[in-house]
Peer 1: 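Sharing a structure with you now.
Note that the structure is a prediction, hence the values are computed from the model and not measured. Quick note: numbers below take in every heavy atom, side chains included, and nothing from hydrogens, waters or symmetry partners.
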Amino acid sequence: LEFRRVLFRSDYDLRLLSILASLIGLILNNAMLFKKVEALAITDGLTGLYTRTHFIERLQEEIERAKTNSIPISIAMIDIDYFKKVNDTYGHLAGDTFLKQLSNILRRRFRSVDVLARYGGEEFAVLMYHTTIQESYKILEEVRKMVEAEKFFMPIESYRPIQIKKTISIGIAELTTEETPDELIKKADDALYSAKENGRNQTCIYKENK
């Protein structure tokens, strides 16, 4: 009883403790909200993959780390072949459903340390850490074949579910000397362009002076 009198000498002490408890609760709640907002800021709302902005930021960090520690890294740009036909034929809801299904395939295939992002409308990017160009080519060819073999379900009002087949084209580039993130992405984009120009549904490695 005496201890309690010393600790809580007045109603003021009780009110102060109540205010402090409320402030602590508010701080904890704000911290949780901040984490949620932060997650929303770096992830794509449709696919749950990282955003283009976050991908470029991470790429900058990993390039610096790779140069300092002489670690190989590769990036790949992945584009859906003739994706516009999905939207035109089945509607944008079907297109969104397809993007989600493809994202799940990509997410399952790549490692947790890889940085997988939705780079544009139907374009994806992946940063593979500790991976040479030969290793990344092997992995991405497996991904391409997985997508080619997959049957994608479309949400069409019908007595029979609609399944479609699609393919992807892939361009790969490896960090070599002093590339910036933009330069490395440009190399992967050039390789992707080659894959599309050569008939699509293939994986191309960037080559100098091609």
Peer 1: Applying side chain to side chain donor-acceptor pair (under 3.5 Å), name anything that partners Lys145, two or more places apart in sequence or on another chain.
Peer 2: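 Testing Lys145 for side chain to side chain donor-acceptor pair (under 3.5 Å), a comparison that skips the adjacent residues, returns none.
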
Peer 1: If Ile, Leu, Val, Met, Phe, Trp and Tyr residues are connected whenever their side-chain heavy atoms lie under 4.5 Å apart, and connections chain through other members, are Ile164 and Leu93 in the same group?
Peer 2: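 In one cluster with Ile164: Leu93, no.
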
Peer 1: Measuring from Thr97:OG1 to Met154:CE, what's the distance to the nearest 0.5 Å?
Peer 2: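 One gets 6.0 Å once the value is rounded to the nearest 0.5 Å.
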
Peer 1: Side chain to side chain donor-acceptor pair (under 3.5 Å) with Glu179: which residues, sequence neighbours excluded?
Peer 2: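 Counting only residues at least two positions away or on another chain, Glu179 forms a side chain to side chain donor-acceptor pair (under 3.5 Å) with Thr176, Lys187.
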
Peer 1: Apply salt bridge (Lys or Arg N to Asp or Glu O under 4.0 Å) to Glu141 and list each qualifying residue two or more places apart in sequence or on a separate chain.
Peer 2: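 Scan of Glu141 (salt bridge (Lys or Arg N to Asp or Glu O under 4.0 Å), adjacent residues dropped) gives Arg144.
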
Peer 1: Taking Lys165 for its side chain and Ala149 for its backbone only, find out whether a donor-acceptor pair lies under 3.5 Å.
Peer 2: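 Flag set: sc Lys165 to bb Ala149 pair under 3.5 Å.
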
Peer 1: Quick one: pull up CG in Asp81 and CD1 in Ile168 and give me the separation to the nearest 0.5 Å.
Peer 2: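 Between Asp81 CG and Ile168 CD1, I get 8.0 Å after rounding to 0.5 Å.
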
Peer 1: Is a side-chain donor-acceptor pair under 3.5 Å present for Thr53 with Arg58?
Peer 2: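 Side-chain D/A pair, Arg58 to Thr53: absent.
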
Peer 1: Would you say that more than 12 heavy atoms from the other residues, nucleotides or ligands in this model lie under 6.0 Å from the NZ of Lys67, or not?
Peer 2: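 Count over threshold, so yes.
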
Peer 1: What distance separates His92 NE2 from Leu99 CG, expressed to the nearest 0.5 Å?
Peer 2: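 With rounding to 0.5 Å, NE2 (His92) is 11.5 Å from CG (Leu99).
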
Peer 1: According to the interplanar angle, ranging from 0 to 90°, do the rings of Phe152 and Phe98 count as parallel (below 30°), tilted (30 to 60°) or perpendicular (above 60°)?
Peer 2: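 Tilted.
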
Peer 1: More than 12 non-hydrogen atoms from neighbouring residues, nucleotides or ligands closer than 6.0 Å to OH on Tyr50, yes or no?
Peer 2: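 Open: at most 12 neighbouring heavy atoms sit under 6.0 Å from OH of Tyr50.
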
Peer 1: Look up atom CG in Leu175 and atom CD1 in Ile133, then write down how far apart they are to the nearest 0.5 Å.
Peer 2: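 It comes to 10.5 Å.
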
Peer 1: Hydrogens and angles aside, do Tyr82 and Arg200 bring a side-chain donor and acceptor to less than 3.5 Å of each other?
Peer 2: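 Looking only at side-chain atoms, Arg200 and Tyr82 do form a donor-acceptor pair, the distance falling under 3.5 Å.
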
Peer 1: Which is it for Lys85 and Asp88 under the salt bridge (Lys or Arg N to Asp or Glu O under 4.0 Å) test, yes or no, and what are the steps along the way?
Peer 2: CA-CA 5 Å; Lys85 289 184 178 179; Asp88 291 346; over 6 Å; no

Peer 1: Can a donor-acceptor pair be found, under 3.5 Å and without considering hydrogens, that links the side chain of Asp114 to the backbone of Arg111?
Peer 2: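 Looks like yes, one N/O pair under 3.5 Å.
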
Peer 1: Go through the steps to decide whether Leu102 and Val147 satisfy the test side-chain contact (heavy atoms from CB on, under 4.5 Å), and finish with yes or no.
Peer 2: CA-CA 8 Å; Leu102 177 60; Val147 173; 3.6 Å; yes

Peer 1: Got a second to check how far Asp44's CG is from Phe124's CZ, nearest 0.5 Å?
Peer 2: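 Going from the CG atom of Asp44 to the CZ atom of Phe124 covers 8.0 Å.
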
Peer 1: Once rounded to the nearest 0.5 Å, what's the spacing between atom OH of Tyr206 and atom NZ of Lys186?
Peer 2: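 Going from OH on Tyr206 over to NZ on Lys186, the span is 7.0 Å.
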
